[in-house]
Amino acid sequence: MDGEYRSVREVQSSEFDGREAFVRGWIHRTRSSNKYVFIVLRDSTGIIQCVGSREDIPDLFDIAKELLVESSVRLKGKVKKDDRAPGGYELHMTGIEVVHAAERFPITKDQSEEFLRDNKHLWIRSRRMNAILKVRSTVTGAIHSFFRERGYHEFTPPIFTPNACEGGSTLFEVKYYDSTIFLTQSWQLYAEAAIFSLERIYDVSPTFRAERSKTSRHLSEFWMAEMEAAWIGYLDAVRIAQDEVKHILGRVLNENMEDLELLGAEPERLRKSLDVEWPVITYTEALDILKEKCNMDVEWGKDLRTIEEERLMENFSTPVTVIQYPKEVMAFYKPVEEGADAPGPVAKCFDMLAPGGYGEIIGGSERDMDIGSLKAALEREGESVENYDWYLDLRRYGSVQHSGYGLGVERLIAWICKLDNIKDAIPFPRTLNRVRP
Ligand code: 4AD
Ligand code: MG
């Protein structure tokens, strides 16, 4: 069928009202009577109801009636305003070309989440996944624009690495020719090398962690958006992180309102959070809040667990940044904050927690510049110090104060889209129990 094909979104406009248009896509739903066939056509931009009568498409009426969901078709017809139709317009078909008649689609209504995830290669066509993936694209695009507009360079790290960054227990081992190596847990150690050349850098790249627990917030493969900058302290990094997340929210609210509505994501809650300052509290203050407001006693020195983060965040409606966690439970590279008002040594570090039970979306810190304390901390973690010799070199040649953080892209998307499970924030999730499809 020859003609200039338009997107479903494009033809649903007053400009096309009463005009002939060509559209193409997949059959989302179909029903028919003796005289009419109704096809809801789906393309990447939306859905439109298309109506054909036996009179208007005499040769094709019976073929159209038999078409199964997900068949690909090209349609020609006249656009007509109709307030009852989704999108406000209908297409009155005058021509139909079957591109590929689908077999019976395995996904029907009311299937379990596990079934849908087993069929993610097909479920990815759903309106829900379509909306999530559009938000995801806006989120990563906004991360790039945020940093580029501020003069940061994109710096991409290696994925195969000989080192742990966040502790050996979650490393994935990979056979590497005749030896064993790991998949990256964070770009950080390489970013710390690169700031001596580029000063301000960022990236969005895949990250791997062998997370042995089944939770709704952990993936084995996820995307982390990280930044690292010379000449800044961790509190400067906190401000950048807040600005970055606000920038991303602003973009999504601008570009994805329909997607958020379709997902039932309550975009108002996001918009409201843009108008206010986001709290920054210390770990010690967080324990006080847990004790006073949540009736929860956490021993000073223990890392916050999921349940404690959740209860803490019940007191807030915007993201909260918790700073100065106990040095003891922090990764080796986080330096001590001298003179802090706390019962024990704390680190120059922070986590940003999202409200609504979405947990830690960002983790960051200043980086220790002292070779002695870095070595001691590595030994405490059971790492071989020689293995980190190249990293320690960064403290030998013109070391400067620097800080950075990593944002969990799927955690952020789960919060923005109000998803029950982080597995839906990524097209093909990898977890303890899932590596297919
Ligand atoms: O807090 P994390 O472990 O921090 C780092 O890796 C630092 N080296 C980053 C840096 O300073 N450049 O991880 C950062 C964020 C977490 O806050 C969380 O949002 C996300 O990454 N994250 C995960 N997301 C999904 N699945 C997992 N298994 C995750 N582990 C961490
Ligand atoms: Mg963390």
How about CD on E258, more than 12 heavy atoms from neighbouring residues, nucleotides or ligands closer than 6.0 Å, or not?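 No, not enclosed.
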Is the count of non-hydrogen atoms from other residues, nucleotides or ligands lying under 6.0 Å from E277 atom CD greater than 12?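 No.
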Assess, by modelled atom type and distance only, whether the side chains of [X] and [Y] contain a donor and an acceptor separated by less than 3.5 Å.
X: Y388; Y: E383; result: yes
X: H153; Y: Y202; result: no
X: D17; Y: S14; result: no
X: R212; Y: S169; result: no
X: K291; Y: N295; result: no
X: T138; Y: N256; result: yes
X: S186; Y: E226; result: yes
X: N163; Y: W390; result: yes
X: W231; Y: Q401; result: no
X: D203; Y: S205; result: yes
X: H247; Y: S145; result: yes

Distance, nearest 0.5 Å, that separates [atom1] of [X] from [atom2] of [Y]:
X: F115; Y: I107; atom1: CZ; atom2: CD1; value: 6.0 Å
X: R136; Y: L412; atom1: CZ; atom2: CG; value: 10.5 Å
X: Y391; Y: L394; atom1: OH; atom2: CG; value: 7.0 Å
X: R54; Y: I57; atom1: CZ; atom2: CD1; value: 10.0 Å

T170 and Q185: side-chain hydrogen bond (donor to acceptor under 3.5 Å, both in side chains), yes or no, with the steps? CA-CA 8 Å; T170 60; Q185 288 177 315; 2.8 Å; yes
Using 30° and 60° as the class limits, which term best fits the ring planes of F147 and Y405: parallel, tilted or perpendicular?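 Rings of F147 and Y405: tilted, as their planes differ by 30° to 60°.
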Which atom names give the shortest non-hydrogen contact between [X] and [Y], and what distance separates them?
X: H218; Y: I422; result: N-CG2, 3.8 Å
X: W278; Y: P319; result: CB-O, 3.4 Å
X: V409; Y: A225; result: CG2-N, 4.0 Å
X: V8; Y: D43; result: N-OD2, 2.8 Å
X: S365; Y: Y333; result: OG-CE1, 3.5 Å

Closer than 4.0 angstrom, basic N to acidic O: yes or no for [X] and [Y]?
X: R42; Y: E70; result: yes
X: D118; Y: R436; result: no
X: K418; Y: E266; result: yes
X: D243; Y: K246; result: no
X: R434; Y: E221; result: no
X: D82; Y: K80; result: no
X: D368; Y: K348; result: no
X: E90; Y: R84; result: no

Can the ring centroids of F22 and Y5 be said to lie less than 6.0 angstrom from one another?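 Ring centroids of F22 and Y5 are less than 6.0 Å from each other.
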Taking the six-membered ring for Trp, are the ring centroids of W187 and F155 within less than 6.0 Å of each other?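 Yes, the ring centres sit under 6.0 Å apart.
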Determine yes or no for a side-chain-to-main-chain donor-acceptor pair under 3.5 angstrom, with [X] supplying the side chain and [Y] the backbone.
X: Q12; Y: K81; answer: no
X: K120; Y: P427; answer: yes
X: T282; Y: I323; answer: no
X: R269; Y: A265; answer: yes
X: Q111; Y: P106; answer: yes
X: R125; Y: H28; answer: no
X: R311; Y: C294; answer: yes
X: R411; Y: G359; answer: no
X: N315; Y: K293; answer: no
X: E381; Y: F332; answer: yes

Using the ring-ring contact (aromatic ring centres under 6.0 Å, His included) criterion, which residues pair with Y283? Sequence neighbours excluded.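 Once residues adjacent in sequence are excluded, the partners of Y283 under the ring-ring contact (aromatic ring centres under 6.0 Å, His included) criterion are W300, Y325.
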With sequence neighbours excluded, residues passing ring-ring contact (aromatic ring centres under 6.0 Å, His included) with F160: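 Y176.
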Given side-chain contact (heavy atoms from CB on, under 4.5 Å), test I289 with I281 step by step and report yes or no. CA-CA 10 Å; I289 296 174; I281 61 175; 4.0 Å; yes
Check each of E366, K334, Q324 against Y234 using the side-chain hydrogen bond (donor to acceptor under 3.5 Å, both in side chains) test, and report the only one that passes.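 The side-chain hydrogen bond (donor to acceptor under 3.5 Å, both in side chains) with Y234 is passed solely by Q324 among E366, K334, Q324.
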Within 45° of the six-membered ring axis of F146 and under 6.0 Å from that ring's centre, is NZ or CZ of R150 located there?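 Output yes; distance and angle both within limits.
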So R271 and E268, salt bridge (Lys or Arg N to Asp or Glu O under 4.0 Å) or not? Walk me through it. CA-CA 5 Å; R271 188 176 314 281; E268 246 344 270; 3.6 Å; yes
What verdict does the side-chain contact (heavy atoms from CB on, under 4.5 Å) test give for W26 and F105, after you've listed the backbone C-alpha separation in whole Å, the side-chain angles of each residue and the deciding distance to 0.1 Å? CA-CA 12 Å; W26 294 265; F105 201 56; over 6 Å; no
Show your working on side-chain contact (heavy atoms from CB on, under 4.5 Å) between W415 and L270 and close with a plain yes or no. CA-CA 9 Å; W415 171 52; L270 304 174; 3.9 Å; yes
Begin from the C-alpha positions of R305 and D303 and carry the test salt bridge (Lys or Arg N to Asp or Glu O under 4.0 Å) through to its verdict. CA-CA 6 Å; R305 295 173 307 166; D303 204 356; over 6 Å; no
Where do R19 and K78 land on the side-chain contact (heavy atoms from CB on, under 4.5 Å) test, with the steps shown first? CA-CA 5 Å; R19 282 175 51 195; K78 205 176 209 180; over 6 Å; no
Passes salt bridge (Lys or Arg N to Asp or Glu O under 4.0 Å), E4 versus R6? Steps please. CA-CA 6 Å; E4 193 184 340; R6 304 288 185 158; 3.7 Å; yes
Pick one: which of E360, E309, E410, E211 meets salt bridge (Lys or Arg N to Asp or Glu O under 4.0 Å) with R217?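 With R217 as partner, E360, E309, E410, E211 yield a single salt bridge (Lys or Arg N to Asp or Glu O under 4.0 Å), made by E309.
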